[in-house]
K.L.:
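My questions all concern the structure below.
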Amino acid sequence: MPPVSNRSDDRVDSQLDVLYEDNHLLVVNKPAGLATMGDGDRVTLHSIAAAYLKEKYNKPHGVYVGIVSRLDSVTSGVIVLARTSKAAARLSTQFAQHAKNLESQIDSENVKPTSIRKTYLAVARPEPNRSAPLAADGRLDDFLYKDDQAHRMRAVRTSRPGAKPAALLYQTLTSGDDRNVIAVAPLTGRKHQIRVQLAARGWPIVGDRKYGSQTAWESGIALHSLRLTIEHPTLREMMTFECPPPPSWNNDRSRELRSRLSDLRWK
C-alpha cells in the first residue's frame with residue numbers, strides 16, 4: 001500500500017496535523033517541543049488529540065486515546081495513536097513482538113523486516129577533534145545504559161552491568177556545509193538510541209545539546225520520524241504513513257534529498 005499522508009482542513013484540528021484517521025487509528029505529525037504524554041495539566045500530544053476528538057465527534061464526556069509508542073519531546077514526525085482499546089491492545093502487542101523479533105536477530109548482519117518499519121531523518125554535524133569517519137552507509141552497534149547521575153544515556157562498545165544492545169542501520173543522503181542528512185532505521189528501541197549512537201561517534205544531531213551538539217536548530221533537534229509502517233489492528237493490512245520534515249529543514253539540497261529517499265536500502 002502506498003504511503004498515506006492525508007490532512008484534514010477542519011477547524012477542529014488546527015492544533016493537530018492529522019495524517020490519517022479512521023475508527024481505530026489517529027496518525028499525526030507531532031511537532032518538536034511537544035511531549036507525547038505527561039502528568040497533570042501539562043499540554044501534551046495526548047491531551048491535544050483527546051480535545052480534537054471530543055470536539056470533532058461531540059463527545060463531551062471523554063474519548064479514548066491510547067499511546068502505543070512515543071517520540072522524544074524534541075523529535076518531530078509521524079506517530080500513531082489508538083482510538084479504541086482493541087486497537088491499543090493489538091498495536092501494543094505488535095510493537096512488543098516487533099521488538100522481540102529484532103532482539104532475537106540483533107547478531108545477524110541480515111535482519112529480516114517485521115510488520116513494523118520505522119525510518120527517521122537526522123541532520124548530524126561532526127564535532128571538531130572528536131568525530132570518527134562515518135561511512136556513507138552501514139550499521140552501528142553499541143550497548144546503551146542509563147547514567148542516572150548525568151540524566152542521560154551512554155553508549156559503550158562492550159557490555160557492562162545494566163547495558164542493553166542497541167543497533168541501527170543508516171544511510172547518508174546528502175552531505176555538505178559541514179553536516180550530513182542521514183536516514184536511520186532503528187533495529188532496537190532504546191531510549192534516545194539514535195541520538196546517543198551518532199553522538200558516540202562524534203556526530204551529534206544538530207541542536208541536541210544534551211548529547212554534545214554545539215549548533216543551534218530552529219525547533220527541538222534535527223531528528224524527524226519520516227515514515228512508519230504498521231499492520232492495521234482490525235483490517236490486518238499493512239499501512240505506511242509518511243510526513244516530510246518541518247520547514248526548518250528546507251535548504252537548497254531538498255530536491256536531492258527527496259530523490260535519495262526513494263533509494264533507501266530498506267523500505
Side-chain angles (χ1 to χ4, degrees), residues 1 3-8 13 15-40 42-54 56-57 59 62-104 113-121 164 166 168 184-195 220 223-243 266:
M1 185 172 181
V4 176
S5 183
N6 297 333
R7 288 182 170 84
S8 170
D13 69 359
Q15 295 186 71
L16 200 66
D17 190 356
V18 179
L19 304 175
Y20 175 83
E21 180 180 352
D22 63 21
N23 290 337
H24 294 277
L25 298 180
L26 180 63
V27 184
V28 303
N29 172 27
K30 187 189 83 67
L34 180 68
T36 304
M37 64 183 301
D39 300 325
R42 181 183 180 188
V43 176
T44 64
L45 178 64
H46 180 272
S47 67
I48 292 174
Y52 159 76
L53 292 171
K54 283 181 183 180
K56 182 172 182 179
Y57 297 103
K59 301 282 188 179
V63 293
Y64 184 90
V65 178
I67 301 296
V68 295
S69 67
R70 300 190 189 193
L71 292 176
D72 293 341
S73 62
V74 291
T75 303
S76 60
V78 180
I79 184 171
V80 61
L81 307 172
R83 288 194 55 200
T84 63
S85 57
K86 176 192 287 188
R90 291 182 177 178
L91 285 171
S92 294
T93 299
Q94 192 178 150
F95 275 98
Q97 189 61 49
H98 165 76
K100 184 178 179 180
N101 289 344
L102 291 179
E103 286 280 353
S104 68
T114 65
S115 59
I116 295 176
R117 297 182 181 88
K118 301 177 182 179
T119 298
Y120 290 78
L121 286 182
K164 295 182 178 181
L168 60 80
V184 181
L187 301 180
T188 50
R190 308 303 179 203
K191 182 177 181 179
H192 297 177
Q193 178 180 331
I194 299 173
R195 300 164 62 183
L223 182 62
H224 178 75
S225 172
L226 173 76
R227 186 180 298 153
L228 172 65
T229 297
I230 61 170
E231 181 184 88
H232 192 283
T234 59
L235 300 178
R236 301 302 192 187
E237 296 177 355
M238 299 305 295
M239 300 186 73
T240 297
F241 308 100
E242 186 172 313
C243 183
W266 65 89

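Values in this document were obtained by computation on a predicted structure and should not be read as measured data. We use all heavy atoms of the structure for the numbers below, so side chains are in, but hydrogens, waters and symmetry mates are not.
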K.L.:
Looking only at heavy atoms, which two atoms of Arg195 and Val74 are closest? And how far apart?
P.N.:
NH1-CG2, 3.8 Å

K.L.:
Just by distance, with hydrogens left out, do Glu21 and Tyr52 show a side-chain donor and acceptor under 3.5 Å apart?
P.N.:
yes

K.L.:
Going from NE2 on His46 to CG on Leu34, what distance comes out if it is rounded to the nearest 0.5 angstrom?
P.N.:
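Going from the NE2 atom of His46 to the CG atom of Leu34 covers 12.0 Å.
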
K.L.:
Do Leu26 and Leu16 have side chains that get closer than 4.5 Å, going by heavy atoms?
P.N.:
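The answer is yes, as the side chains (C-beta and beyond) meet within the 4.5 Å cut-off.
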
K.L.:
Is there a side-chain contact between Met239 and Val27, using heavy atoms and a 4.5 Å cut-off?
P.N.:
no

K.L.:
I'd like to know if the side chain of Ser92 and the backbone of Ala89 have a donor-acceptor N/O pair within less than 3.5 Å.
P.N.:
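Absent.
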
K.L.:
Do you know the tightest heavy-atom contact between Ile67 and Ser69?
P.N.:
CG2-O, 3.4 Å

K.L.:
Please give me the minimum heavy-atom distance between Gln193 and Leu187, naming the atom from each residue.
P.N.:
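What the structure gives for the nearest pair is NE2-N, 4.4 Å.
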
K.L.:
With a 4.5 Å heavy-atom cut-off, do Ile230 and Phe241 have their side chains touching?
P.N.:
yes

K.L.:
Could you check whether any side-chain heavy atom of Arg83 comes within less than 4.5 Å of a side-chain heavy atom of His24, counting everything from C-beta outward?
P.N.:
no

K.L.:
Ignoring hydrogens, what is the shortest heavy-atom contact between Val68 and Ala88? Give both atom names and the distance.
P.N.:
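Smallest interatomic distance, heavy atoms only, reads CG1-O, 3.7 Å.
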
K.L.:
Using side chain to side chain contact (heavy atoms under 4.5 Å, CB included) as the criterion, point out the one residue from Val80, Val78, Ile79 that pairs with Val28.
P.N.:
Ile79

K.L.:
Under 4.5 Å between any side-chain heavy atoms of Asn29 and His224, yes or no?
P.N.:
yes

K.L.:
So do Thr234 and Asn23 actually touch side chain to side chain, heavy atoms under 4.5 Å?
P.N.:
no

K.L.:
Kindly say whether Ala35 contributes a backbone atom to a donor-acceptor pair with the side chain of Lys30 at under 3.5 angstrom?
P.N.:
no

K.L.:
Looking at Arg227, Arg117, Lys118, which one forms a salt bridge (charged side-chain N to carboxylate O under 4.0 Å, His left out) with Glu242?
P.N.:
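Exactly one pass, corresponding to Arg227.
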
K.L.:
For residues Leu91 and Leu25, determine if any side-chain heavy atom of one lies less than 4.5 Å from a side-chain heavy atom of the other.
P.N.:
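In contact.
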
K.L.:
Specify the closest pair of heavy atoms between Gly77 and Leu71, including all atoms of both residues, with the distance to one decimal.
P.N.:
O-CD1, 3.7 Å

K.L.:
Tyr120 and side chain to side chain contact (heavy atoms under 4.5 Å, CB included): which partner among Leu226, Leu228, Leu168, Leu223?
P.N.:
Leu223

K.L.:
Could you go step by step and tell me if Asp22 and His232 meet the side-chain contact (heavy atoms from CB on, under 4.5 Å) rule?
P.N.:
CA-CA 11 Å; Asp22 63 21; His232 192 283; 2.7 Å; yes

K.L.:
Heavy atoms, side chains only, cut-off 4.5 Å: are His98 and Glu231 in contact?
P.N.:
no

